[in-house]
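Worth saying up front: this structure is predicted, and the values here are computed from it rather than measured. Values below: every heavy atom of this structure, side chains too, minus hydrogens, waters and symmetry copies.
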Amino acid sequence: MGSTSGEHHESTTTGGVGRRDLIKRSAALGLVSVPTMSFLSACASSGGGGKDDKPKTGKKTAKNPLGADDTGQMEFVLFDGGLGKEYAEDAVKIYQTNFPKAKTKFFPTQKIATVLQPRFNQGNPPDLIDNSGADQMDMGGLVGKKQLTDLTPLLDAPSYDDPNKKVRDTLRPGIVEMGQFDGSPVWIMYYAYNVYGVWYSQKALDSLDEKYPETWDEMLKVCAKAKKKGMAGWTYAGKYPYYIPFSLYPMIGKVGGREVLDAIDNLEPNAWKHPAVKACFEAYYELYQKGYILKGTPGLDHIQSQTAWAKGEALFIPNGSWVENESAKVIPADFDLAVSAPSGIDSSDKLPFGAIWASGGEPFIVPAQAKNPGGGMEQLRIMLSEESSKNFTAKVKSLSAFNGGTTGIDLTPGLKSGAAALEKAGDNVLNPRLQDWYVQLEKEKIGTACLGEMMAGRLTPAETIKKIQAFTDEAAKDSSIKHYKHQ
């Protein structure tokens, strides 16, 4: 969430400029492999240390199910960005209480790769790392060089609050899958949780005497009403049109089913030619054709479009849950910020209204050469308790990966709306991976060269689909690109 989201931590040091670059944005989330050759070569040569460097474990008990070294040290390096460090410090205190004979070393820094690259090279990494921020280590490189511990034991351990429930059963939808690359091992535990969709002012919608539109005919009706009152229906980050998919992709999933999104992610031939894609593209193009998009939107960046929207110049904007914090200075006190799952086409849609895109942020990892991997995983188990999750949400205004932890907390309007949207979605939470697996394809080709051109009226939906499919086929055949598939 702007300066508070793990997805956007670089904005704390660059005044928000980092959000303009999806590569940096995704790197901060820990979702994408941006090759860092100096680090990869260091990883490739790692493996130092002798027989004394073997992991140390403690006796596995009900209170220590992961075999943390209960008399040795647990070292935790945290990215010190917009989320701050207090939530993590509080969780470390619980670890210390549970293991009074153990030592804990907690080190916050904004220079994750700079600080840790030499230590990976020496075979002496810490036990737990929040691998986030602009100086984040390349996750694909870490996985490829076998530098990470598989977190499956943590997922299968009893949850901190209920020994009869596994940790994996307490997590929000998609968290486990996001930590996987190929096959079943889980290399990353994403701790924050972002909701993507259509953001709006409930006050503005009420002033039109309308409810959020569930079908596209209803959407067009609301936009027509808004236009009569001098308000555009939509705006978006025109200079960075890869924001459009935050509502467009889950709409495609709602209309055609999640298998359509999976086929797109898998770079399957003709995936973009599915009727659901055509229907959704034509629906969005209609916003342009009917003049429901704020004039000048193609020339606006994310901050400019969000500011215009916050000032009431446009009713709807596709975005993620960081928008509440990022636009805090321009959103009026009585704005009553809300988010909704995308409108569908009609009753023939495969998924019910409420299907939404939500996924993890803030990637935590346990290095393969950690001295106390059980301790690193135990610290994560503590953080995934209801108490620690509540503490996180209250202090940083972000949902956590723990499925709950909001009862009794005074939530901000956007956070409250996001939590309600997730509850309404139920099992219909979608998690497209295209922007994680193929950043250049998603950002430059699909986003800027295709969707941006279509929404500006320079390409028809049919032309856009043809162009996107060609870009996708090109990427699928490119042997220099690491390809991923839904399992």
Side-chain angles (χ1 to χ4, degrees), residues 7 18-29 31-35 138-140 196 236-253 256 260-285 287-288 293 297-302 305 318-320 342 357 359 430-486:
E7 185 176 9
R19 173 131 40 244
R20 297 172 201 178
D21 191 324
L22 184 64
I23 294 178
K24 284 184 182 177
R25 187 183 76 79
S26 299
L29 242 179
L31 299 177
V32 54
S33 304
V34 183
D138 171 31
M139 209 68 81
Y196 304 89
Y236 56 89
K239 285 187 177 179
Y240 315 109
Y242 39 82
Y243 274 56
I244 296 167
F246 293 154
S247 57
L248 178 57
Y249 286 0
M251 182 185 183
I252 291 170
V260 180
L261 294 178
D262 286 354
I264 286 171
D265 290 341
N266 291 343
L267 306 183
E268 291 178 15
N270 300 319
W272 288 95
K273 295 180 181 177
H274 192 281
V277 176
K278 182 175 183 286
C280 294
F281 276 34
E282 288 175 348
Y284 268 55
Y285 189 64
L287 296 173
Y288 158 76
I293 294 173
T297 286
L300 302 180
D301 65 18
H302 61 294
S305 60
N319 224 307
W357 179 1
S359 61
L430 302 167
N431 189 8
R433 304 307 303 275
L434 195 70
Q435 71 292 331
D436 308 340
W437 293 346
Y438 309 105
V439 177
Q440 188 182 29
L441 171 66
E442 167 68 9
K443 178 195 168 190
E444 297 176 14
K445 296 178 178 176
I446 294 172
T448 304
C450 296
L451 293 178
E453 292 297 288
M454 182 183 83
M455 295 307 290
R458 293 188 286 262
L459 285 178
T460 65
E463 289 167 339
T464 306
I465 288 169
K466 186 178 180 182
K467 202 170 178 182
I468 290 177
Q469 189 61 59
F471 281 137
T472 299
D473 293 342
E474 185 184 353
K477 292 171 186 170
D478 189 343
S479 60
S480 71
I481 298 174
K482 168 70 175 170
H483 296 109
Y484 295 101
K485 299 273 186 192
H486 283 278

ask   = If we only count heavy atoms from C-beta on, is the Tyr242 to Gln435 side-chain gap below 4.5 Å?
value = no

query = Relative to Tyr484, does Lys482 satisfy both conditions: NZ or CZ under 6.0 angstrom from the six-membered ring centre, and within 45 degrees of the ring's axis?
reply = yes

key: Partners meeting side chain to side chain contact (heavy atoms under 4.5 Å, CB included) with Gln469 (sequence neighbours left out)   = Trp272, Lys273, Thr472, Asp473

key: Minimum heavy-atom distance between Pro432 and Leu261, given as atom pair plus value   = CG-CD1, 4.2 Å

ask   = Any donor and acceptor pair, going by atom type alone, linking the side chain of Asp301 with main-chain N or O of Tyr240 inside 3.5 Å?
value = no

query = What is the minimum heavy-atom distance between Thr464 and Met454, and which atoms define it?
reply = OG1-CB, 3.3 Å

request  = State, with a plain yes or no, whether a side-chain heavy atom of Glu463 is found less than 4.5 Å away from one of Glu453.
outcome  = no

query = Taking side chain as C-beta onward, heavy atoms only, is Ile468 less than 4.5 Å from Val277?
reply = no

ask   = What do you reckon, is OH of Tyr285 surrounded by more than 12 foreign heavy atoms closer than 6.0 Å?
value = yes

query = After noting the C-alpha distance and the side-chain angles of Leu248 and Cys280, does the key distance pass the side chain to side chain contact (heavy atoms under 4.5 Å, CB included) rule?
reply = CA-CA 7 Å; Leu248 178 57; Cys280 294; 3.9 Å; yes

key: Check: Tyr243 ring centroid to Phe246 ring centroid under 6.0 Å   = yes

key: Atom pair OH (Tyr236) and CG (Leu300), whose distance is rounded to the nearest 0.5 Å   = 9.0 Å

key: pair Phe281-Leu451: side-chain heavy atoms closer than 4.5 Å   = yes

message = Going by side chain to side chain donor-acceptor pair (under 3.5 Å), name the residues that satisfy it together with Ser247, two or more places apart in sequence or in a different chain.
response = Tyr284

Least distance between heavy atoms, Tyr438 atom then His483 atom = OH-CA, 3.3 Å

ask   = Do you know which two heavy atoms are closest between Tyr196 and Ser359, and how far apart they sit?
value = CE1-OG, 3.4 Å

message = For His302, is there any backbone N or O sitting under 3.5 Å from a side-chain donor or acceptor partner on Ser305?
response = yes

task = Measure across Trp357 and Pro245 and return the closest heavy-atom pair with its distance rounded to 0.1 Å.
result = CZ3-O, 3.5 Å

key: Gap between atom CD1 of Ile465 and atom CG of Leu459 - 0.5 Å precision   = 11.0 Å

Close side-chain approach of Ile481 to Leu441, heavy-atom, < 4.5 Å = no

Where Gly447 and Pro241 come nearest, the two heavy atoms and their spacing = O-CG, 3.2 Å

task = With the side chain counted from C-beta on, respond yes when Tyr249 and Ile264 share a heavy-atom pair under 4.5 Å apart, and no when they do not.
result = no

message = So, taking the atom named CG in Leu287 and the one named CE in Met455, what distance separates them when rounded to the nearest 0.5 Å?
response = 5.5 Å

message = Using 0.5 Å steps for rounding, measure from the CZ atom of Arg433 to the CG atom of Asp265.
response = 8.0 Å

